[in-house]
Amino acid sequence: MSMFPDPTSHLLLTPDDLDAPRRVERLRELRIEEEPLPEFDAFARRLAHTTGAPFAMVNFIDERRQYFAGLHTPAMDRPVTLEPVEESVPGRIMARDHGYCPHVVVRRKALVLEDVCDYPRFAGNPVVDEIGIRSYMGAPLMDGSGIALGTICVVAQEPRPWGREGLGVIKSMAEEMSELIRRRGVHPGIGM
């Protein structure tokens, strides 16, 4: 064992998220908790079709985990391929340190990884080996008060050339979803 720490070990950590308590409180106010929302599933389906990605999510993050209130998979009639953290909501809950959305939320910026293996910071994430994720594109869902509530994202199990066009699409659709969430806050219980 070396007496010097591995200089890349800090790169694999999920970032500190100081806004998590405020985010959780705001999500409760918006009535976005741990239940699938059909309108968010419909949005995820449209996001997948628009980007050509097999998987799309509308994702909200608390201190310990991520919750996919909107989800689209290649075959929604089959069990979701993402391994659940808890048995009660199969395929909708994932540990906070799995995936790339926590980075998007903390940075408050879109993230495009055409091949996650090209980035040492992200290549060691558990979703690479456990689920086979090789490509990711996500953007933050911003609350009117400046809190990043979560993300919309797409993933694929092979590298994808998302490019500038993909970045434009994910950012535009994130703004659309953010506006729908803001309207939900103004009119609680309103559908999309």
Side-chain angles (χ1 to χ4, degrees), residues 15 17 19-20 22-62 65-76 80 82 89 91-94 96 98-114 116 127 133 135-156 160-192:
D17 184 359
D19 285 340
R22 287 180 35 213
R23 179 182 316 109
V24 170
E25 182 180 320
R26 183 66 180 131
L27 291 171
R28 283 190 187 120
E29 290 170 5
L30 293 167
R31 296 185 189 153
I32 299 173
E33 299 194 44
E34 292 184 3
E35 61 186 49
L37 297 171
E39 62 270 26
F40 288 13
D41 282 345
F43 186 91
R45 182 173 37 261
R46 189 165 60 89
L47 176 61
H49 291 210
T50 301
T51 61
F55 300 89
M57 291 74 108
V58 178
N59 186 16
F60 299 98
I61 301 170
D62 67 19
R65 57 191 172 183
Q66 304 176 64
Y67 175 70
F68 305 126
L71 179 65
H72 175 77
T73 67
M76 289 300 288
V80 178
L82 299 176
V89 189
R92 297 265 181 176
I93 295 175
M94 189 165 68
R96 186 175 174 275
H98 284 53
Y100 311 105
C101 290
H103 295 273
V104 172
V105 166
V106 170
R107 293 170 13 126
R108 293 184 175 93
K109 289 183 178 178
L111 177 63
V112 177
L113 303 170
E114 294 183 345
V116 299
V127 297
I133 300 303
S135 188
Y136 170 91
M137 183 169 57
L141 296 172
M142 299 303 295
D143 179 281
S145 68
I147 297 173
L149 297 174
T151 68
I152 61 166
C153 68
V154 293
V155 297
R160 289 281 177 107
W162 305 112
R164 285 188 181 271
E165 183 180 340
L167 177 61
V169 167
I170 199 80
K171 288 168 84 173
S172 172
M173 291 191 76
E175 182 51 43
E176 180 184 337
M177 175 54 81
S178 294
E179 180 57 32
L180 294 170
I181 291 169
R182 283 191 285 273
R183 281 192 293 176
R184 183 184 182 94
V186 172
H187 307 287
I190 191 169
M192 294 192 290

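Note that the structure is predicted; figures quoted are calculated from it, not measured. The basis for the numbers below is simple: all heavy atoms, side chains too, and nothing from hydrogens, waters or symmetry mates.
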(request) May I ask you to test the Thr151-Gln66 pair for a side-chain heavy-atom distance under 4.5 Å? (result) no
(request) Quick one: pull up CD1 in Ile93 and CD in Glu34 and give me the separation to the nearest 0.5 Å. (result) 4.0 Å
(request) Drop me the distance from Met137's CE to Ile152's CD1, to the nearest 0.5 angstrom. (result) 8.5 Å
(request) Give, for atom CD of Glu33 and atom CZ of Arg31, the distance between the pair rounded to the nearest 0.5 Å. (result) 9.5 Å
(message) Can you tell me how far apart CZ (Phe40) and CG (Leu180) are? Round to the nearest 0.5 Å.
(response) 7.5 Å
(request) Please determine if Glu179 and Arg182 form a salt bridge, counting it only when a charged side-chain N lies under 4.0 Å from a carboxylate O. (result) yes
(request) For Gly70 and Asp41, work out which heavy atoms get closest and say how close. (result) CA-OD1, 3.3 Å
(message) Does any part of the side chain of Cys153, heavy atoms only, come nearer than 4.5 Å to the side chain of Val104, both counted from C-beta?
(response) no
(request) Evaluate the side chain to side chain contact (heavy atoms under 4.5 Å, CB included) criterion for residues Leu71 and Arg92: first the C-alpha distance (whole Å), next the side-chain angles of each, then the deciding distance (0.1 Å), finally the verdict. (result) CA-CA 8 Å; Leu71 179 65; Arg92 297 265 181 176; 3.7 Å; yes
(message) Looking at every heavy atom in both Ala139 and Ile170, which two are closest together, and how far apart are they?
(response) CB-O, 3.7 Å
(request) Rounded to the nearest 0.5 Å, what's the gap from OG1 on Thr51 to CZ on Arg46? Could you check? (result) 11.0 Å
(message) Can you confirm whether Ile32 sits close enough to Ile181 that some side-chain heavy atom of one is under 4.5 Å from a side-chain heavy atom of the other?
(response) yes
(request) Identify whether the distance between the nearest side-chain nitrogen and carboxylate oxygen of Arg108 and Asp19 falls below 4.0 Å. (result) yes
(request) Could you tell me which non-hydrogen atom of Phe60 sits nearest to which non-hydrogen atom of Leu149, and how far apart they are? (result) CD2-O, 3.4 Å
(request) Give the minimum heavy-atom separation between Arg96 and Pro102, together with the two atoms involved. (result) O-CG, 3.1 Å
(message) Please give me the minimum heavy-atom distance between His103 and Gly99, naming the atom from each residue.
(response) CD2-O, 4.3 Å
(message) Quick check: closest heavy atoms across Asp17 and Arg23, and the distance to 0.1 Å?
(response) OD2-NH1, 2.8 Å
(request) State whether Glu29 and Arg26 are salt-bridged, where the test is any N-O pair (Lys NZ or Arg NE/NH1/NH2 against Asp/Glu carboxylate O) under 4.0 Å. (result) yes
(request) Could you grab the distance from atom OH of Tyr100 to atom CG of Asn59, nearest 0.5 Å is fine? (result) 13.5 Å
(message) Just so I know, are the side chains of Ser178 and Leu141 near enough to count as touching, which here means a heavy-atom distance under 4.5 Å?
(response) yes
